[in-house]
Amino acid sequence: MNKASAYQALHDELRASRGVRLYSDLLSRQITFYTFQRNHADLERLISLHYQLEMKGKLGDFNNQKPLHDLLFEATRRLQNFVFAAKTLVEHTRNYMKLWHHDEPDIMVAYQAKVTQHFVESGIGPFTKCLRDYFAHCSTPFISSLDEHHAHVRFTLQLETETMAKTPHFHGWLEPAPRYIAFHRDTYARKDGGVNLGFYVNDYYEAVIRFYSWLDDQNQEWCRGAWDETAAIQNRIEEFWAERRKK
């Protein structure tokens, strides 16, 4: 085999290695995670702006409700971006795990246990899925602006979950999503099925950060053999070029 063919063979071996293919899939998931983070930041800024404008009395004019309506329209748009990005991240991660670890039951059991811990037990994961389905298949959700005068926070944006549940073609809040709605009722004295948008967005984002911090750490261990294999091929390529430079 001549030198050009030898180099091409090494290059092809590198590209076909498990480590390079893993890296490509992980890079794709990082882009999905970045999209989720940016959509979260956009929505969080608007929720904060709503509070600031309400405190300054700029949204409460009964005779001119356009500023409030414009803000609620924008909040709905950003919420849609947030929940779609959230569920896209979930599905891309699930696909990644099935592709690379489907034949490693211990890893899949550990992964599913963490999904349950961070997203299922509280009901926030199924709640988010139902909310995404509502956007995708039914209508836009009902968001209201409230002046509540209680100890937790004064001005809030709220998802009207009971009103949404009556929408035609909506399958309702499937279990265990009602658990998360009940949490808002019990914790924030919401007796009307409302979910505080700011608290929900923060709860979900923190769950994602905790879960992916664990997953990224574990993935380094799970993929160590693949990284080592790919690094060995890279070393052979460097040795090949070192020999060429000597001549």
Side-chain angles (χ1 to χ4, degrees), residues 31-54 58-59 65-93 118-119 122-148 152-174 176-185 187-188 190 192-209 211-212:
I31 295 170
T32 306
F33 189 81
Y34 169 80
T35 302
F36 168 76
Q37 285 187 306
R38 295 304 302 164
N39 281 308
H40 166 261
D42 288 346
L43 179 54
E44 191 174 50
R45 279 195 299 270
L46 192 71
I47 293 170
S48 177
L49 177 63
H50 166 261
Y51 181 80
Q52 294 169 23
L53 292 176
E54 285 281 23
K58 295 187 176 182
L59 297 178
Q65 297 202 1
K66 186 177 185 303
L68 177 59
H69 289 170
D70 288 348
L71 189 143
L72 293 177
F73 273 46
E74 182 63 14
T76 304
R77 182 186 73 82
R78 296 191 190 191
L79 176 61
Q80 177 173 320
N81 290 344
F82 174 78
V83 297
F84 271 83
K87 296 310 295 179
T88 298
L89 181 60
V90 168
E91 289 164 13
H92 287 188
T93 303
H118 292 295
F119 299 104
S122 68
I124 197 169
F127 176 83
T128 302
K129 181 183 183 304
C130 291
L131 185 55
R132 190 275 306 268
D133 291 348
Y134 189 93
F135 267 116
H137 306 300
C138 301
S139 183
T140 51
F142 297 90
I143 300 177
S144 58
S145 176
L146 302 180
D147 182 358
E148 299 191 283
H152 295 289
V153 62
R154 180 172 177 183
F155 297 107
T156 65
L157 293 172
Q158 175 173 284
L159 278 166
E160 302 292 350
T161 60
E162 288 188 356
T163 302
M164 293 166 63
K166 300 173 184 177
T167 304
H169 309 299
F170 182 47
H171 51 51
W173 302 104
L174 303 182
R179 193 180 304 162
Y180 186 69
I181 298 172
F183 167 76
H184 277 253
R185 179 195 64 217
T187 306
Y188 308 120
R190 301 271 16 114
D192 52 7
V195 168
N196 182 298
L197 184 60
F199 292 156
Y200 157 65
V201 169
N202 184 67
D203 289 345
Y204 193 87
Y205 183 76
E206 288 187 351
V208 166
I209 294 301
F211 174 75
Y212 282 96

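In this chain, numbering begins with 1 at the start of the sequence shown.
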| request: Please test T128 against V90 for side-chain contact (heavy atoms from CB on, under 4.5 Å), starting from the C-alpha separation and ending with a verdict. | output: CA-CA 11 Å; T128 302; V90 168; over 6 Å; no
| field | Non-hydrogen atoms of F36 and A85 that approach each other most closely | value | CA-CB, 3.8 Å
| task | For the pair F211 and F119, name the ring-plane relationship: parallel under 30°, tilted 30 to 60°, perpendicular over 60°. | result | perpendicular
| request: Report the distance from atom NZ of K66 to atom CZ of F73, rounding to the nearest 0.5 Å. | output: 9.5 Å
| said: Taking F84's backbone N and O only, do any of them form a donor-acceptor pair with T88's side chain (distance below 3.5 Å, no angle check)? | reply: yes
| note | Distance col, row T35:OG1 vs L89:CG, nearest 0.5 angstrom, shows 9.5 Å
| field | T167 to C138 - nearest heavy-atom pair and separation | value | CG2-CB, 4.4 Å
| query | Ion pair present between R78 and E74, side-chain N to carboxylate O less than 4.0 angstrom? | reply | yes
| remark: The side chain to side chain contact (heavy atoms under 4.5 Å, CB included) partners of D133 (sequence neighbours excluded) come to K129, H137, H171
| field | Sub-4.5 Å side-chain heavy-atom contact between F135 and L79 | value | yes
| request: Specify whether H184 and Y180 have parallel, tilted or perpendicular ring planes, treating 30° as the upper limit for parallel and 60° as the lower limit for perpendicular. | output: perpendicular
| query | Where do C130 and L174 come nearest, in terms of heavy atoms and distance? | reply | SG-N, 3.5 Å
| message | As an exercise, state the distance from NZ of K166 to CD of E160, rounded to the nearest 0.5 Å. | response | 10.5 Å
| task | Taking the side chain as every heavy atom from C-beta outward, state whether L43 and N81 have any pair of such atoms under 4.5 Å apart. | result | no
| query | Between Y204 and G125, which heavy-atom pair has the shortest distance, and what is it? | reply | CE1-CA, 4.4 Å
| Which value, rounded to the nearest 0.5 Å, describes the distance between L46 atom CG and L72 atom CG? | 9.0 Å
| query | Looking at S145 and H50, what are the two nearest heavy atoms and their distance? | reply | OG-NE2, 2.7 Å
| message | Any heavy-atom pair between the side chains of F127 and L159 that's under 4.5 Å? | response | yes
| task | Drop me the distance from Y205's OH to N39's CG, to the nearest 0.5 angstrom. | result | 11.5 Å
| query | Say you draw a straight line from CG of L53 to CG of L59; how long is it, rounded to the nearest 0.5 Å? | reply | 5.0 Å
| request: Could you tell me which non-hydrogen atom of V83 sits nearest to which non-hydrogen atom of Y200, and how far apart they are? | output: CG1-OH, 3.8 Å
